[in-house]
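Indexing begins at 1, ligand by ligand and atom by atom, following the structure's order.
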Amino acid sequence: MVDVEASARNGFRPSIADSGLLNSLSSYSALQRMVMRIDRAVKYGDPRLDGTLAAILAESMHDPNLLDGCDLTPSCDRYARHLVYQGEGYSLLAIVWLPCQMSPVHSHRTWCALSVYRGWINETLFRRAPVGAEKVAERRLFRGDVSNSPPDPESGHRMANLGTEAAVSLHVYGATYERLGQDVNHIWTT
Ligand SMILES: [Fe+2]
């Protein structure tokens with residue numbers, strides 16, 4: 001059996017879709033099944049990939065054992081990013097947010113999809129303005145709620161844990177983990 005969690009820790013990237021393992025999905029954990037579906041969507045070039053991935057994430061978030069064995073250690077310094085799985089050209093991350101931790105306002109240079117697994121996250125959406133950025137919406141994302149976008153330099157967002165308990169969100173980005181900093185987030189100076 002392919003152990004996705006151990007595979008992620010070891011940096012191993014199985015070619016799941018090619019191995020015929022999809023024929024017996026019931027014998028795999030929720031995390032393994034989710035990764036197999038993400039693998040397939042990415043590999044076969046879904047035209048609305050970010051939306052498809054968001055739907056896959058949303059369907060998985062209510063499994064209480066989804067992230068068993070994953071490192072969800074928080075950090076007092078800033079929100080903590082943990083690689084759950086390194087796919088072919090994409091990364092699956094768990095982000096742990098302590099109360100009051102937040103991201104900077106940023107846009108994405110690649111597609112992305114996220115869903116909340118534990119707690120809740122406040123997401124503020126921005127558009128580029130002639131000077132700085134204009135806030136266009138704000139919403140609370142609870143377990144199973146999603147946010148997703150294709151690459152869009154004109155749209156930004158800020159994620160924040162405004163609750164009183166730690167929150168965990170799962171994110172899929174179209175870049176390998178070592179390139180996340182330079183290939184994914186463009187930090188806005190608002
Ligand atoms: Fe983001």
Side-chain angles (χ1 to χ4, degrees), residues 8 34-35 38 41-42 46 48-61 66-67 70-75 77-129 132-163 165-190:
M34 186 182 75
V35 166
I38 294 171
V42 172
D46 189 304
R48 277 308 315 270
L49 185 57
D50 59 298
T52 299
L53 295 176
I56 293 171
L57 290 175
E59 291 174 18
S60 305
M61 290 301 106
L66 180 70
L67 296 180
C70 294
D71 183 3
L72 299 178
T73 307
S75 167
D77 298 329
R78 55 168 290 173
Y79 58 93
R81 301 193 304 186
H82 298 285
L83 179 64
V84 174
Y85 184 72
Q86 180 62 75
E88 194 73 41
Y90 75 90
S91 306
L92 173 63
L93 271 65
I95 299 185
V96 184
W97 311 80
L98 291 176
C100 299
Q101 290 184 332
M102 64 183 67
S103 73
V105 179
H106 63 281
S107 53
H108 295 141
R109 296 187 172 100
T110 181
W111 50 260
C112 72
L114 68 92
S115 188
V116 173
Y117 182 68
R118 184 178 301 158
W120 63 276
I121 293 291
N122 193 84
E123 181 182 36
T124 310
L125 305 174
F126 297 88
R127 292 287 298 175
R128 290 278 192 197
E134 174 188 4
K135 175 181 168 181
V136 295
E138 188 166 9
R139 56 191 180 188
R140 290 184 174 189
L141 303 177
F142 296 92
R143 191 169 201 166
D145 290 342
V146 300
S147 178
N148 57 280
S149 67
D152 183 359
E154 300 302 312
S155 297
H157 71 161
R158 181 200 296 278
M159 308 281 294
N161 181 1
L162 302 185
E165 306 289 338
V168 177
S169 52
L170 270 182
H171 303 240
V172 190
Y173 297 107
T176 57
Y177 186 69
E178 65 269 18
R179 299 192 66 83
L180 283 182
Q182 53 192 311
D183 284 2
V184 174
N185 288 344
H186 174 67
I187 309 299
W188 292 15
T189 52
T190 56

I'd like the atom name of the N/O/S atom in H108 lying closest to the Fe ion (ligand 1). NE2

So which N/O/S atom does H106 have closest to the Fe ion (ligand 1)?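 Minimum-distance N/O/S atom of H106 relative to the Fe ion (ligand 1) is NE2.
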
Heavy-atom pair of closest approach, residues C70 and V84: SG-CG1, 4.1 Å

Cation-pi check, R128 onto W188 ring (under 6.0 Å, within 45° of axis):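 The answer is yes; both the distance and angle limits are met.
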
Looking at R127 and E134, is any side-chain nitrogen of the basic one under 4.0 Å from a carboxylate oxygen of the acidic one?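 No, this pair does not count.
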
Is D145 salt-bridged to R143, going by a charged N under 4.0 Å from an acidic O? no

The Fe ion (ligand 1) and H171: any N/O/S contact shorter than 2.8 Å? no

